[in-house]
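Beneath this line is the structure, given in structure tokens, with notes to follow.
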Amino acid sequence: YQGTITIPVIVNVLYSNPSENVSDAQIASQIAVLNQDFNRRNPDVTLTPSLFKGRVGDMQMNFVLAGVNRKASNQAVWQADDSMKFSALGGIDVTQPDKYLNMWVCRIEDSGYELLGYAQFPGFPPETDGVVINPRSFGTIGQLYPEYNKGRTATHEIGHWLSLQHIWGDGPCGVDDYVRDTPDSDSPNFGCPAYPTKACGGTLMTMNFMDYSDDPCMYMFSRGQVTRSRWMFSSPYGPRQSFVA
Ligand code: ARG
Ligand code: ZN
Ligand code: CA
């Protein structure tokens with residue numbers, strides 16, 4: 001598939017207090033971030049160190065808000081078990097996942113720890129397809145954690161929705177992320193890593209959206225990640241083909 005891919009977005013908001021009922025403006029701020037990050041138009045991409053400048057990729061994906069569903073709930077925190085994706089469990093059912101990227105915005109935890117977000121990879125059941133984002137790391141306005149106030153949690157989770165693995169392949173040196181131009185890495189990087197940060201015999205791409213760096217310190221996808229993600233739409237076997245059909 002050539003050129004820009006349009007991805008209509010449905011936002012499903014589950015809230016137990018007013019600050020979790022993210023405003024239309026907060027939703028718009030998240031869509032705006034996606035349209036920068038997925039079109040190499042984010043201003044901070046200029047921070048890319050010269051070593052990696054030639055590897056910066058352009059996803060050429062355009063996100064369009066297609067609808068917002070809101071539901072008040074007396075459940076304050078949701079487990080990362082997909083219950084928020086089913087009205088029968090108090091959540092909001094998915095909308096046509098072959099045509100829309102579904103985003104659920106709600107507080108989430110896993111084994112007692114708060115999560116910023118989680119995603120479903122391509123090829124899993126349609127009923128649970130999409131990404132889940134914490135209202136405190138969603139968009140660039142509203143009540144946000146300062147380290148996560150640039151909307152990059154959704155950028156990262158949509159990376160997973162497009163089949164991208166974490167940059168360290170969720171394992172030590174030698175475990176692959178199936179992308180050739182992202183350097184081998186041994187573990188997640190947090191905070192704002194100094195450049196260069198070295199491991200596995202090389203310089204790490206800590207500024208990649210698929211690492212765990214703070215929002216202001218992640219600002220690029222690689223060309224290899226773009227190839228892998230776009231294949232999901234362009235291949236006849238691509239699990240996201242229905243978006244361009
Ligand atoms: N799944 C990760 C978490 O919940 C998301 C990391 C997003 N990182 C970021 N800088 N926004 O911790
Ligand atoms: Zn992740
Ligand atoms: Ca790699």
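Whatever order the structure lists ligands and atoms in, that order sets their numbers, starting from 1.
Grouping the Ile, Leu, Val, Met, Phe, Trp and Tyr side chains by contacts below 4.5 angstrom, directly or via other members, places I31 apart from I10.
K71 places a side-chain N or O within donor-acceptor distance of the main-chain N or O of G91, the cut-off being under 3.5 Å. Of the possible donor and acceptor atoms, none in the side chain of W78 sits under 3.5 Å from a partner among the backbone N and O of M84. Without hydrogens or angle criteria, N149 side chain to L144 main chain gives no donor-acceptor distance under 3.5 Å. The backbone N or O of E20 lies less than 3.5 Å from a partner atom in the side chain of N17, making a donor-acceptor pair. The closest donor-acceptor contact from the side chain of S235 to the backbone of W231 lies at 3.5 Å or more, if one exists at all. Distance alone, capped at 3.5 Å, places no donor-acceptor pair between the R152 side chain and the F209 backbone. Using modelled atom types, one side-chain atom of N102 and one backbone atom of T95 make a donor-acceptor pair closer than 3.5 Å.
Under the 4.5 Å side-chain criterion, counting only non-hydrogen atoms from C-beta, Y15 is not in contact with V105.
Using bins of under 30°, 30° to 60° and over 60° for the plane-to-plane angle, the ring pair F243/F233 lands in the perpendicular bin.
Look at T182 and the Ca ion (ligand 3): an N/O/S atom of the residue is under 3.0 Å from the metal. Residue contacts to the Ca ion (ligand 3): D181 brings no N, O or S atom closer than 3.0 Å. Among the backbone and side-chain atoms of I167, no N/O/S atom is found under 3.0 Å from the Ca ion (ligand 3).
To the nearest 0.5 Å, the span separating CG on L101 from CG on D129 amounts to 8.0 Å.
Minimum-distance N/O/S atom of D177 relative to the Ca ion (ligand 3): OD1.
Around the Zn ion (ligand 2), protein N, O or S atoms at less than 2.8 Å comprise H156 NE2, H160 NE2, H166 NE2.
Sorted by chain and number, the residues within 4.0 Å of ligand 1 by heavy atom are L115, L116, G117, Y148, R152, T153, E157, Y212, S213, D214, D215, M218.
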